[in-house]
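Chain letters run A, B, ... following the sequence lines, proteins first and then strands; every chain starts at 1.
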Number of protein chains: 4
Amino acid sequence: MSSPRIKSDKAQARTEAQRERILAAAQRCFIEQGFHAAGMARIAEAAGMSPGLIYRYFDSKAAIIRAIIARQLERLNQDISLNRPVDLAAEMTAKFVGGHGCNPHDLSPALLLELSAEATRDPEIHAVVRHFDQNLRNALVQWLMRGTDTGGHALPEARACEAALLLQLLFEGMKVRQTRDPGLDPALLEASLRRFLPFVLAGGAAAAG
Amino acid sequence: MSSPRIKSDKAQARTEAQRERILAAAQRCFIEQGFHAAGMARIAEAAGMSPGLIYRYFDSKAAIIRAIIARQLERLNQDISLNRPVDLAAEMTAKFVGGHGCNPHDLSPALLLELSAEATRDPEIHAVVRHFDQNLRNALVQWLMRGTDTGGHALPEARACEAALLLQLLFEGMKVRQTRDPGLDPALLEASLRRFLPFVLAGGAAAAG
Amino acid sequence: MSSPRIKSDKAQARTEAQRERILAAAQRCFIEQGFHAAGMARIAEAAGMSPGLIYRYFDSKAAIIRAIIARQLERLNQDISLNRPVDLAAEMTAKFVGGHGCNPHDLSPALLLELSAEATRDPEIHAVVRHFDQNLRNALVQWLMRGTDTGGHALPEARACEAALLLQLLFEGMKVRQTRDPGLDPALLEASLRRFLPFVLAGGAAAAG
Amino acid sequence: MSSPRIKSDKAQARTEAQRERILAAAQRCFIEQGFHAAGMARIAEAAGMSPGLIYRYFDSKAAIIRAIIARQLERLNQDISLNRPVDLAAEMTAKFVGGHGCNPHDLSPALLLELSAEATRDPEIHAVVRHFDQNLRNALVQWLMRGTDTGGHALPEARACEAALLLQLLFEGMKVRQTRDPGLDPALLEASLRRFLPFVLAGGAAAAG
DNA sequence: GATGAATGAGGGTTCATTCAT
DNA sequence: AATGAATGAACCCTCATTCAT
């Protein structure tokens, strides 16, 4: 009676593992070549399997793209750990400098841009992106509202919303900069952030850097 | 002596008109479907001509893309008129709200994003984008350094550079927001900008709104 | 009453002149690029006229090809002047060496080959080629049969036919050589011809150089 | 250890078989329509497969052409068996008569001509053709220099070179004849060859038929 | 007569997807 | 579960030909 259950569990685990292999391989390919230039054959090769097998785990190339986006955004969500002392300027600069590499755990900037453009056309992508964005914004707002004793900034809600939006604009603006001017001097970026972020985090009040 | 000239002028005018028709049609298609998903046949249809005819005016699809980019960036360059009193917060918000439409004179945000991603792979696009970026940055720096009597902000060079970079991040961040959250409350955006831009334009000094 | 006649004559002359311009231009293009690679646009340009105008004088590209072949073979026919002392070995070698150039009066070897291949498929071309070939063979036979006092070789008819065929094989073999081994040492070619042609011209009898 | 090998062998065999099918189909199409007039769709149809599949086995149409040429020339190379008593006149005549058919093992004359013309423009084709030509010439020279006891003609080198060139001219001249005058009387051809070849094979010395 | 812009069928090629094994 | 050969529609692009001017 349990034999089929056990088999099913094993099978499910294997299925999940296979999906992961495919997603990882596809992400590598997409980062290197973009969504449309990366062929299924290449993805299959990178995943160490045959092209046909991929279709046992995903309905289509578009489905893989959606899955990657969802997985990536989920990871980002988990990465937002604002329950600690944060040197935002330093961390953002580090992200900018390090983001060009093919750290498979990070979404490459070019991919994020293609992804955002695609959200304009694919409602499913749009939905998942929206969901992530709201999560991030909420997290930022909570962080900004939290007391300074817990690493927060004690902003009133209205100010927190404004500041969160501004931070998001800066985050995303940096992604665009990464693709269009990867050689941007990190020192300038950090100086710029270090000068203005305190105002943002202070909700617009004069801040003591 | 003038007869051939006149004919040539007419022909040249027609040629330019045809190129414009093609670029406009292509831009519409690209916005709707993306660079790679828009086929030449569809572009031709949108332009009201046969596919073959397009190749009398452009060498390739890639050439059309480059022409659109170059044209759009040129227009942006011309639009940057900082020799006047500027209410940046209001203007940026207006840009955000108005930018969703298919105003053929404006670069759609989705296109800008795909374009930036494409710059990662096409050196020619990268070059034209870089050229525009530097122009914009220079214009911003000059504006920030200029005396207040001429609409400037009288910042020293170092501060101006930092502030210009931050402004650019905000501009581009807004483009991403447009694609990912087109319903963003304009009032929140404007409030946010109105609160923080003065600090930026003041080079980081406490500013009197 | 005569006015239309006169006009018609003038017109006919002009028509012929135009056809000639087109044929000359086309031949240049064909030699340079081959029959299929040479486009009508390029031919029109070379002829100094518009593509459309060509179709007033020729029904199609194929018609131009046929006309060129016919004209060329006619010219070759006229060129065969065997009523004179001939040093065949020297003349053939000279033809080989000089034939690579773009002497517009000569059929380029590559063209002759393409032409011959095309004769396999186009009955009209086949017919015109056959007609020329027979003319040439007849001329050779007559020459070989003519008395030595008139530059001939006084062969009996049977021997003349055999020798004429052999000469033709050599002529055409040289055309193939020209395309496949244009660097062939002319000295070797001439030596070879000089050694064996006397036997051929003597109808197979031992010959005294 | 052998299981993958066996599979690989099977696969390799199938691959080779498919390549052969494609080459055979293409050769048929090329003979019927010429290199440029034969479309990939038609070739695919003739090979009983889809157009796309061809590209699993060949990079391009040009690659197919090159493969056909190379294969054909290789076959010709193998066919040159001069280590035996040879009645050249009879064999050449037989080749002429039999060569019109679509014997897939023989290069059709029309193809050889187009091929030679193509060598004028495609360096890769030129190279393979040159290589074959030199092989043939060398084989002929060796044969002519070899002692008569081993089927050769005992010519000194200089004479052998001259004679080899002449033979090649005759071979190739016959290919041209085949396309332009396929109805040429074989009896005349054989008579002509029989009369003059002995002189050639004798290096130009008077020969006893 | 002359133009050259315009056509559109067809070219070679790619690639997401399917299916016999 | 897995393969990878096979499909075929769609891609971008060319060019002989036509036609409004």
Visitor: E:dA6 phosphate, OP1 or OP2: any side-chain N/O from B:R14 under 4.0 angstrom?
Guide: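 Yes.
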Visitor: Here's a test of your reading of the structure: between B:D59 and A:S50, which maps to the more 5' nucleotide of DNA chain F?
Guide: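 That would be A:S50.
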Visitor: Give a yes or no on whether the backbone of B:E124 and the side-chain of B:R66 come within a donor-acceptor separation of less than 3.5 Å.
Guide: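 Not confirmed, B:R66 side chain does not pair with B:E124 backbone.
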Visitor: If you look at every strand shown and take non-hydrogen atoms under 4.0 Å, does B:A38 touch a base, only sugar-phosphate, or nothing?
Guide: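 The answer is sugar-phosphate, as B:A38 gets under 4.0 Å only of primed atoms, P, OP1 or OP2.
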Visitor: Categorize B:M40 for me: base, sugar-phosphate, or nothing, with a 4.0 angstrom heavy-atom threshold over every strand shown.
Guide: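 Here B:M40 touches the backbone only, sparing every base.
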Visitor: For B:R42 and F:dA10, what is the distance between atoms CZ and C1' respectively, to the nearest whole Å?
Guide: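 Interatomic distance, CZ of B:R42 to C1' of F:dA10: 13 Å.
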Visitor: Could you tell me the Watson-Crick or G-U partner of F:dA9, where both distances fall under 3.5 Å? Say none if there is no partner.
Guide: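 WC or wobble partner is E:dT14.
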Visitor: Will you find, in the side chains of D:Q33 and D:R42, an N or O donor that is under 3.5 Å from an N or O acceptor?
Guide: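 Yes, D:R42 and D:Q33 have a side-chain donor paired with an acceptor closer than 3.5 Å.
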Visitor: Which whole-number value in Å describes the distance from A:K61 NZ to F:dA10 C1'?
Guide: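 The distance from NZ of A:K61 to C1' of F:dA10 comes to 14 Å, rounded to the nearest Å.
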Visitor: Would you kindly compare B:G48 and C:Y57 by the position of their nearest DNA chain E nucleotide and give the one closer to the 5′ end?
Guide: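 That would be C:Y57.
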Visitor: Any strand counts, and the cut-off is 3.5 Å on both contacts for Watson-Crick or G-U wobble. Which nucleotide pairs with F:dA20?
Guide: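 With both distances under 3.5 Å, F:dA20 matches E:dT3.
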Visitor: Any idea which of E:dT14, F:dA5, F:dA16 is nearest the D:Y55 side chain?
Guide: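 Output: E:dT14.
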Visitor: In whole angstroms, how far is the P atom of F:dT7 from the CG atom of D:L53?
Guide: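 My rounded result for the distance is 6 Å.
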Visitor: Tell me which of B:I54 and A:A62 sits closer to the 5' end of DNA chain E, going by the nucleotide each one is nearest to.
Guide: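 Residue closer to the 5' terminus by nearest nucleotide: B:I54.
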Visitor: To the nearest angstrom, how far is D:R21 atom CZ from F:dA5 atom P?
Guide: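 Those two atoms, CZ and P, are 14 Å apart.
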Visitor: Taking the nucleotide of DNA chain F with the closest heavy atom to each, which residue, C:H36 or B:G39, is nearer the 5' end?
Guide: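 So the residue in question is B:G39.
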Visitor: Consider the side chain of A:R56, meaning its heavy atoms from C-beta on, and name the nucleotide among F:dA1, E:dA5, F:dA5 that approaches it most closely.
Guide: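 Looking only at heavy atoms from C-beta outward on A:R56, the closest nucleotide is F:dA1.
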Visitor: Rounding to a whole Å, what distance do you find between B:E45:CD and E:dA6:C1'?
Guide: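 Result: 17 Å.
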Visitor: Give a yes or no answer on whether the side chain of C:E114 reaches the backbone of C:F35 with a donor-acceptor pair at less than 3.5 Å.
Guide: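 Pair found, side chain donor or acceptor close to backbone of C:F35.
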Visitor: Closest approach to the side chain of B:P51, judged atom by atom: which nucleotide of F:dA1, F:dT17, F:dC13 is it?
Guide: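 Of F:dA1, F:dT17, F:dC13, F:dC13 is nearest to the side chain of B:P51.
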Visitor: To the nearest Å, give me how far apart CZ (A:F58) and P (E:dA16) are.
Guide: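 Value for this atom pair: 15 Å.
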Visitor: Report the distance from atom NZ of D:K10 to atom C1' of E:dA20, rounded to the nearest whole Å.
Guide: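 Taking atom C1' of E:dA20 as the reference, NZ of D:K10 is at 14 Å.
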Visitor: Using whole Å, what does the distance between atom C1' of nucleotide F:dT17 and atom CD1 of C:I43 come to?
Guide: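 Whole-Å distance recorded here is 13 Å.
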Visitor: Would the distance check show the side chain of C:K61 and the main-chain N or O of C:A38 forming a donor-acceptor pair, the cut-off being under 3.5 Å?
Guide: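 Checking the backbone N and O of C:A38 against the side chain of C:K61, a donor-acceptor pair under 3.5 Å is found.
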Visitor: Just by distance, do the side chain of C:R28 and the backbone of C:I43 share a donor-acceptor pair under 3.5 Å?
Guide: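 Here the side-chain-to-backbone pair does not exist.
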